[in-house]
> 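Let me give you the structure first, and then I'll get to my questions.
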Amino acid sequence: MSAAKLESSPLGNPKVASKVASKVASKVASKVAIIGGGLAGLAAACALADAGAKVILYERRPYLGGRASSYEHPGTGEVVDNCQHILLGCCTNLIDFYRRIGSADKIRWYRRLTFLEPGGRASQIEPGLLPAPMHNGFSFLTAPMLSLGDKLGIARALLALMPRLPEDDGRPFSEWLQRHAQTANAVKRFWEPVLVSALNEDLDKTSTAYAGLVFRDSFLKSARAGEMGVPMVPLTDLYASAASYIQQRGGEVRMRASVSGIVPTADGVCIALSSGDELADYAILAAPFGSVAKLLPPGLGADDLRAKAAHFEPSPITGIHLWFDREITELDHAVLLDRTIQWMYHKSRIQRGYREANTGAPNEPGSYVELVVSASKSLVEMPRQEVIDLALRELAEFFPIVREAKLLKATVVKEVHATFSPFPGCDEYRPAPVTVWPRIFLAGDWVQTHWPATMEGAVRSGYLAAEALARAAAIAPGSFLVADLPARGLMRLFPE
Ligand SMILES: Cc1cc2nc3c(=O)[nH]c(=O)nc-3n(C[C@H](O)[C@H](O)[C@H](O)COP(=O)(O)OP(=O)(O)OC[C@H]3O[C@@H](n4cnc5c(N)ncnc54)[C@H](O)[C@@H]3O)c2cc1C
C-alpha cells in the first residue's frame with residue numbers, strides 16, 4: 001500500500017488503530033504475522049511456530065520460495081526453477097532449515113568442481129589428504145587452467161585471507177586483487193568464476209569484505225565448508241514442506257494473500273489485505289528491499305528505511321534452459337571459462353537418481369541443462385532468441401556434441417532484480433531486524449547478517465528476526481541461529 005493510500009485507509013486513522021489495538025490485546029495472544037513466503041519469511045515462521053507462536057504467513061504468490069522457486073513454464077510445459085540455486089557446506093543455517101522441514105535429503109553434495117576451457121580441457125578442484133587450508137592444494141597445483149605464476153600469486157593472496165577477513169575499506173575487491181599482484185589469468189579463471197556467481201556482481205563493484213568471506217568461509221576453512229549442494233528437485237518442491245511444518249504447529253499459510261500495509265497499534269499490529277484487515281500481536285516483514293518501506297506506515301521509521309533501501313541496486317541473473325535429444329556430457333555441472341555463459345548444470349542428471357527412487361517416473365533420454373550467467377547486465381536487453389543462439393554457440397565450444405544434438409526446446413529466464421549488488425560500504429545501509437516499532441521486525445536477504453544476498457543470508461535474517469521477536473514477546477528464550485562450521489587443520493589457528 002502506498003503512503004497516500006494508507007493515510008486514507010481506516011488503518012491510518014488513530015482512533016480506529018487504537019480500537020484495533022484493544023481487540024488485539026483482548027482476543028489474540030502471541031499471534032505473529034509474517035509477510036513474505038521467501039526463505040527469510042519461511043525460516044522465521046518455522047522457528048517461531050516451533051517455539052509455540054501462532055504463526056500466520058502471508059504470501060502474495062500461489063507458491064512458496066520467493067526468489068528461489070519453480071513454476072510450470074507456459075512456453076515449454078516444463079517445470080523450471082526461476083534459476084538454478086546452489087549452496088555450500090558453510091551454509092549452516094540453510095542446512096538447519098532443510099533439516100527442520102524434512103528437505104535435507106533432497107540436496108546432492110559434490111566435493112569436486114570441474115572448470116572447463118573452450119575446447120574442453122578440464123581442471124578439477126577437489127579436496128585431498130592435506131589439512132585445511134591446503135586441502136584443495138594438490139588438485140589446484142595440477143590444474144591446467146592456470147600457469148605456475150598464476151598459482152603462486154593466488155596462493156599468496158589466499159595466505160593473506162587466512163588470518164582474518166579483510167575490512168570493507170570502501171574500495172572494490174578488484175583493487176584488493178591488484179594490490180595482491182594477481183595475474184589477469186588468475187582473475188579471469190579463478191577469482192571471477194567463483195565470486196561473480198557467489199556474489200552476483202562484477203569484481204570492480206564488489207565489497208572486499210564479502211569477497212573475502214566467500215573465499216575464507218568456503219574455500220579455506222575446511223573441505224566440508226566448500227562442498228557444493230545442488231537441489232535434486234524443483235525449488236518449490238524443496239520448500240513446499242515448510243507449509244505443513246507451520247500448519248502442524250498450529251499456524252496458517254495464506255497463499256495469494258497480498259498485504260498492502262502494516263499499521264502498528266498500541267498493543268499489536270494490523271495487517272491490511274484486500275479481503276479485510278487482520279490483527280496480530282507482532283509482525284515480521286520479510287519482503288525484498290524494494291517493497292518494505294511501501295508497506296510501513298508513513299513517518300520517520302519508514303523514511304529511514306526508505307533512505308537505506310535507496311542505496312541498494314538490484315543485479316540481474318539469467319538462466320538459459322535447453323533440452324537436447326541426447327546426452328551432451330557425463331558431467332553433472334561445470335564452470336565454463338572465458339565465455340559469457342558461466343556455469344552448466346546438467347539438471348536431468350542431477351535430478352535423475354532422486355526422481356527414480358522417489359517418484360518411480362521414468363527418466364527421459366536426452367539432456368536438460370541450465371546455463372547460468374550471473375551479473376548478466378549484457379543479456380538483459382538482448383532478445384531471447386539471440387541469448388539462446390549465443391548460449392548454443394558457446395556451449396558447443398565446451399561440448400562439441402551440441403553441434404549434432406537436436407535442440408528440442410529452450411527458454412530464457414531473466415531475473416532482473418535477482419539480488420542486491422554487494423557494493424563496497426553496503427553494510428552501512430543494511431537495516432537491523434528490530435525497527436522503531438517495537439512489534440514490527442524485518443527479515444530478508446538485504447537485512448544485516450554480514451552475509452551476501454543468498455539463501456543462507458535470507459535464512460539467517462529470518463532466524464535473527466525470529467530471535468528478536470521471541471525475546472520481545474517472551475515466547476522462547478535462546479537462539480535460533482546455528483553456529484558456523486568449525487575451522488579445520490591449520491585454520492584452527494585463526495578461528496575468527
Ligand atoms: C536468479 C537467481 C539466482 C540465485 N541463485 C542463488 C544461489 O545459487 N544460491 C543462493 O544461495 N542464492 C541465490 N539467489 C539468491 C536467493 O534466491 C535470495 O537471496 C533469497 O531467496 C531471498 O529470500 P528472501 O526471503 O529474502 O526474499 P524473497 O525470496 O524475495 O521473498 C520475499 C517474498 O515476499 C513476498 N511478498 C513481497 N511483498 C509481499 C506482500 N506485500 N504481501 C505478501 N507477500 C509479499 C514475495 O512474493 C516473496 O515470496 C538467487 C536469486 C535469484 C533471483
Side-chain angles (χ1 to χ4, degrees), residues 1-2 33-45 56-70 80-88 90-91 93-95 97 107 196-200 214 218 228-231 235-236 238-239 242 253-262 271-274 283-296 314-320 333 342-343 345 370 372-376 412-420 422 430 442-447 449 451-465:
M1 178 188 271
S2 72
I34 296 185
I35 295 95
L39 273 275
L42 290 175
I56 317 277
L57 184 129
Y58 301 92
E59 168 53 52
R60 68 177 171 195
R61 292 175 173 162
Y63 49 83
L64 296 175
R67 273 171 282 156
S69 49
S70 44
V80 297
D81 290 340
N82 70 325
C83 189
Q84 179 67 55
H85 276 62
I86 60 118
L87 63 147
L88 296 171
C90 57
C91 297
N93 288 275
L94 181 62
I95 294 167
F97 175 65
I107 304 294
V196 173
S197 61
L199 296 172
N200 191 28
V214 170
S218 66
M228 186 170 91
V230 187
L235 288 167
T236 299
L238 193 62
Y239 297 119
V253 176
R254 310 258 182 89
M255 303 293 204
R256 294 193 170 90
S258 185
V259 171
S260 53
I262 307 179
I271 312 296
L273 295 147
S274 56
I284 295 181
L285 187 46
F289 68 86
S291 42
V292 162
K294 283 184 250 166
L295 296 175
L296 290 166
S315 182
I317 301 180
T318 299
I320 303 132
H333 46 77
Q342 297 162 348
W343 281 77
Y345 294 96
E370 183 182 345
V372 177
V373 185
S374 296
S376 59
V412 179
V413 182
K414 295 179 188 177
E415 286 279 354
V416 178
H417 297 270
T419 61
F420 73 81
R430 295 180 77 177
L442 292 181
D445 62 358
W446 72 293
V447 171
T449 58
W451 264 71
T454 52
M455 296 186 288
E456 169 70 9
V459 170
R460 277 184 189 232
S461 80
Y463 281 175
L464 285 170

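In listed order, ligands and their atoms are each counted from 1. Quick caveat, the model's predicted, so the values are computed rather than measured.
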> Which is closest to atom 24 (P) of ligand 1 in terms of heavy atoms, Glu59, Arg254, Arg67?
Arg67
> In Å and rounded to the nearest 0.5 Å, what is the CD to CH2 distance from Glu456 to Trp451?
4.5 Å
> What are the atoms of ligand 1, with element, lying closer than 4.0 Å to any heavy atom of Ala453?
15 (C), 19 (O)
> How far is atom 34 (O) of ligand 1 from its nearest protein heavy atom, and which residue and atom name does that atom have?
Gly36 CA, 3.2 Å
> For Gly444, counting its heavy atoms only, list the atoms of ligand 1 lying under 4.0 Å from any of them.
26 (O)
> With a 4.0 Å cut-off on heavy atoms, is His417 touching ligand 1?
no
> Is Leu295 touching ligand 1 with its side chain, its backbone, both, or neither, if touching means heavy atoms under 4.0 Å apart?
side chain
> Should you measure from each heavy atom of Gln84, which atoms of ligand 1 turn up under 4.0 Å away?
5 (N), 8 (O)
> How far is atom 12 (N) of ligand 1 from the closest protein heavy atom, and which atom is that?
Met455 N, 3.4 Å
> Does any donor atom in the side chain of Ser374 or Ser197 lie under 3.5 Å from an acceptor atom in the other side chain?
no
> Give the atoms of ligand 1, by number and element, whose distance to some non-hydrogen atom of Ala40 is under 4.0 Å.
25 (O), 26 (O)
> With a heavy-atom distance limit of 4.0 Å, tell me whether Ala286 approaches ligand 1 through its side chain, its backbone, both, or neither.
backbone
> For Gly38, take its heavy atoms, then give the atoms of ligand 1 lying under 4.0 Å from any of them.
25 (O), 29 (O), 31 (O), 33 (C), 49 (O)
> Is Glu456 in polar range of ligand 1, meaning some N or O pair under 3.5 Å apart?
no
> Is there any N or O on Ile86 that sits under 3.5 Å from an N or O of ligand 1?
yes
> Quick one: are Leu64 and Met255 in side-chain contact, heavy atoms under 4.5 Å?
yes
> Can you tell me if Leu87 contacts ligand 1 (heavy atom of the residue under 4.0 Å from the ligand)?
no
> Do me a favour and list the nearest non-hydrogen protein atom to atom 44 (N) of ligand 1 with residue, atom name and distance?
Arg60 N, 3.2 Å
> For atom 3 (C) of ligand 1, grab the closest protein heavy atom and report residue, atom and distance to one decimal in Å.
Ile317 CD1, 3.4 Å
> Report yes if some N/O of Thr419 lies less than 3.5 Å from some N/O of ligand 1; otherwise report no.
no
> Ignoring hydrogens and angles, tell me if any N or O in the side chain of Thr318 forms a donor-acceptor pair with the backbone of Val373 under 3.5 Å.
no
> Can you find a pair of side-chain heavy atoms, one from Leu94 and one from Leu39, that are under 4.5 Å apart?
yes
> Does any non-hydrogen side-chain atom of Pro314 lie less than 4.5 Å from one of Phe289?
yes
> Considering only protein heavy atoms, which is closest to atom 1 (C) of ligand 1, and at what distance to one decimal place?
Cys83 CB, 3.1 Å
> Would you check whether Ala287 has a nitrogen or oxygen atom less than 3.5 angstrom from a nitrogen or oxygen atom of ligand 1?
no
> So which of Val259, Val416, Val459, Leu42 gets nearest to atom 40 (C) of ligand 1, if we judge by its closest heavy atom?
Val259
> Could you check whether any side-chain heavy atom of Leu238 comes within less than 4.5 Å of a side-chain heavy atom of His85, counting everything from C-beta outward?
no
> Judged on heavy-atom distance to atom 52 (C) of ligand 1, which of Ala44, Gly41, Ala418 sits nearest?
Ala418
> Could you give the distance from OG1 (Thr454) to CG (Asn200), rounded to the nearest 0.5 Å?
11.5 Å
> Donor-acceptor pair, Arg430 side chain versus Trp446 backbone, under 3.5 Å?
yes
> Checking the N or O distance criterion of under 3.5 Å, is ligand 1 in contact with His85?
yes
> Show the atoms of ligand 1 that are less than 4.0 angstrom away from any heavy atom in Tyr58.
43 (C), 44 (N)
> Are Pro288 and ligand 1 in contact, using a heavy-atom cut-off of under 4.0 Å?
yes
> State the atoms of ligand 1, each with its element, that fall below the 4.0 Å cut-off from a heavy-atom position in Ala257.
42 (N), 43 (C)
> Which atoms from ligand 1 have a heavy atom of Glu415 less than 4.0 Å away?
1 (C)
> When you measure from atom 23 (O) of ligand 1 to every protein heavy atom, which one gives the shortest distance, and what is it?
Ala458 CB, 3.5 Å
> In the structure I gave you, are the side-chain heavy atoms of Gln84 and His333 within less than 4.5 Å of one another anywhere?
no
> Tell me the protein heavy atom at minimum distance from atom 19 (O) of ligand 1, and give that distance in Å.
Asp445 OD2, 2.7 Å
> What part of Leu94, side chain from CB on, backbone N/CA/C/O, both or neither, has a heavy atom under 4.0 Å from ligand 1?
neither
